[in-house]
Amino acid sequence: MKKFFEEFKAFAIKGNAMDLAVGMMVGAAFTAIVTSLVNNIISPLIGLLVKVDFSDLVWTIDGVDVQYGAFIMAVLNFVIVAFVLFIVVKALNQLKSIGKKEDAPPAPTTKLCPYCRSEIAIDAVRCPNCTSTLDIDK
């Protein structure tokens with residue numbers, strides 16, 4: 001049991017777990033801000049255009065209220081959060097690639113025989129296919 005708690009402690013203190021926890025907290029706070037934006041600013045502005053508050057849009061079917069206006073606002077909330085997260089991830093990926101150097105292509109390991117045009121090892125001095133003696137400079 002002691003080993004289990006030690007492993008859990010090592011996992012919880014690792015950077016990845018802490019980064020995930022911080023990301024979840026920031027995401028939750030950001031979602032609350034976007035929800036407030038949608039409910040308190042965007043919904044009333046759209047309501048001005050259609051002369052109805054979206055939160056009041058309800059279908060009543062056999063005594064059951066289906067609040068499709070609230071659903072529309074939740075979809076709008078999701079689209080805004082997803083768009084902003086897309087922009088943030090795209091910006092972070094560009095920042096990561098700024099400092100990276102492109103890898104040089106690997107050195108060739110083969111060359112073409114100048115006589116029979118077959119592929120041979122780069123350090124070969126005789127072609128195994130046509131048995132021609134090769135110059136080392138080629």
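Just so you know, residue 1 is the first one in the sequence shown, and it goes up from there.
When hydrophobic residues (I, L, V, M, F, W, Y) are linked wherever their side-chain heavy atoms come within less than 4.5 Å, V89 remains an isolated member. Alongside M25, the hydrophobic cluster contains no other residue (criterion: ILVMFWY side chains under 4.5 Å). F5 belongs to a hydrophobic cluster with M1, F4, counting contacts under 4.5 Å between side-chain heavy atoms of Ile, Leu, Val, Met, Phe, Trp and Tyr, direct or through other members. Under the 4.5 angstrom side-chain criterion for Ile, Leu, Val, Met, Phe, Trp and Tyr, I33 has no cluster partners at all.
For the side chain to side chain contact (heavy atoms under 4.5 Å, CB included) test, residues two or more places apart in sequence or in another chain that qualify with I41 are L37, L45. For T133, the side chain to side chain donor-acceptor pair (under 3.5 Å) partners two or more places apart in sequence, or in a different chain, are R126. Scanning for side chain to side chain donor-acceptor pair (under 3.5 Å) contacts around D123 gives an empty result, with sequence neighbours left out. Remark: T60 pairs with V58, D65 by the side chain to side chain contact (heavy atoms under 4.5 Å, CB included) rule, at least two apart or across chains. Residues satisfying the side chain to side chain donor-acceptor pair (under 3.5 Å) criterion with S36, sequence neighbours excluded, are N40. Under the side chain to side chain donor-acceptor pair (under 3.5 Å) criterion, T110 pairs with E119, sequence neighbours left out.
Between the SG atom in C127 and the NZ atom in K111 there is a gap of 9.5 Å [rounded to 0.5 Å]. In this structure, CD1 in I120 is found 8.0 Å from SG in C130, a value given to the nearest 0.5 Å.
Within the 4.5 Å cutoff, side-chain heavy atoms of P114 are placed close to those of L134. Residues C116 and S132 fail the side-chain proximity criterion, which asks for heavy atoms closer than 4.5 Å.
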Name each donor-acceptor pair under 3.5 Å that joins a side chain in residues 66-86 to protein atoms two or more places apart or in another chain, with its distance.
from	atom 1	to	atom 2	distance (Å)
N77	ND2	T35	OG1	2.8

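Sequence neighbours left out, not one pair with a member in residues 84-94 passes side chain to side chain donor-acceptor pair (under 3.5 Å).
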